[in-house]
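Following: one structure in structure tokens, then a few remarks.
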Amino acid sequence: MGTLFDVGVLSREAFDAIEFDAALTGDHRAAAQQMTMLADTGTQTPAMPRAEAYTRAGEQWLLADDPAEAANGFMRALEDGGLADVDPRAQLARALFMMDRAGEAEALIQRLAAEPP
């Protein structure tokens, strides 16, 4: 992978660079691992809440075709309770479908559909 960041603070720029490298190299697994490590250890900021970091890591796990790790990332984002640009529950439903857990995914989608936008 291209650049390794020595980051103590979560930043959109670092995550953007990791995603860019993954798009160039196709190594989404390495990107997901790096993002997960940063989400676990980095200090969140108003610009980059921890929930956003876990959601973005989960998206890379999906691209790496590892829905179980992706679901773990989305669950950690939900447990954190912070803000994320994309609702991690929608991505969690996708991971559940990929793991042949359609009943859980459909129930989650129904709960999302019942909530006001």
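Quantities reported herein were computed from a predicted structural model and do not represent experimental measurements.
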Do Leu62 and Phe74 have side-chain heavy atoms sitting under 4.5 Å apart? yes

Would you give the length of the straight line joining atom CG of Leu10 to atom CZ of Arg56, rounded to the nearest 0.5 angstrom? 10.5 Å

Ignoring hydrogens, what is the shortest heavy-atom contact between Ala93 and Ala105? Give both atom names and the distance. O-CB, 3.5 Å

Smallest separation among heavy atoms of Ile18 and Ala31, with atom names: CG2-CB, 3.6 Å

Min side-chain heavy-atom separation Asp21-Glu19 under 4.5 Å: no

Glu52/Arg12 under side-chain contact (heavy atoms from CB on, under 4.5 Å): CA gap, chis, key distance, verdict: CA-CA 9 Å; Glu52 174 71 12; Arg12 289 190 183 277; 3.5 Å; yes

Assess whether side-chain contact (heavy atoms from CB on, under 4.5 Å) is satisfied between Glu59 and Val86, documenting all intermediate values. CA-CA 10 Å; Glu59 290 168 346; Val86 175; 4.1 Å; yes

Note: with side-chain heavy atoms under 4.5 Å as the link, the other cluster members for Tyr54 come out as none

Taking all non-hydrogen atoms of both residues into account, name the closest pair between Ala70 and Gly58 and its distance. CB-O, 3.4 Å

Residue Leu83 excluded, over 12 heavy atoms near CG under 6.0 Å: no

Taking everything shown except Asp65 itself, do over 12 heavy atoms lie less than 6.0 Å from its CG? no

Ion pair check, Arg76 and Asp40, cut-off under 4.0 Å: yes

Heavy-atom nearest pair, Met99 first then Ala71, reads CE-CB, 3.9 Å

Once you round to the nearest 0.5 Å, how far does CZ of Arg89 lie from OG1 of Thr55? 11.0 Å

Under 4.5 Å between any side-chain heavy atoms of Thr36 and Asn72, yes or no? no

Residue pair Leu78 / Pro88: nearest heavy atoms and the distance that separates them: CD2-CG, 3.7 Å

For the CZ atom of Arg50 and the OG1 atom of Thr45, what is their distance to the nearest 0.5 Å? 10.0 Å

Result of checking Leu96, Leu92, Ile109 against Glu104 for side chain to side chain contact (heavy atoms under 4.5 Å, CB included): Leu96

Quickly, which of Gln33, His28, Met35 forms a side chain to side chain contact (heavy atoms under 4.5 Å, CB included) with Trp61? Name it, please. Gln33

Identify the two heavy atoms, one from Met48 and one from Ser11, that lie closest to each other, and give their separation to 0.1 Å. CG-N, 3.9 Å

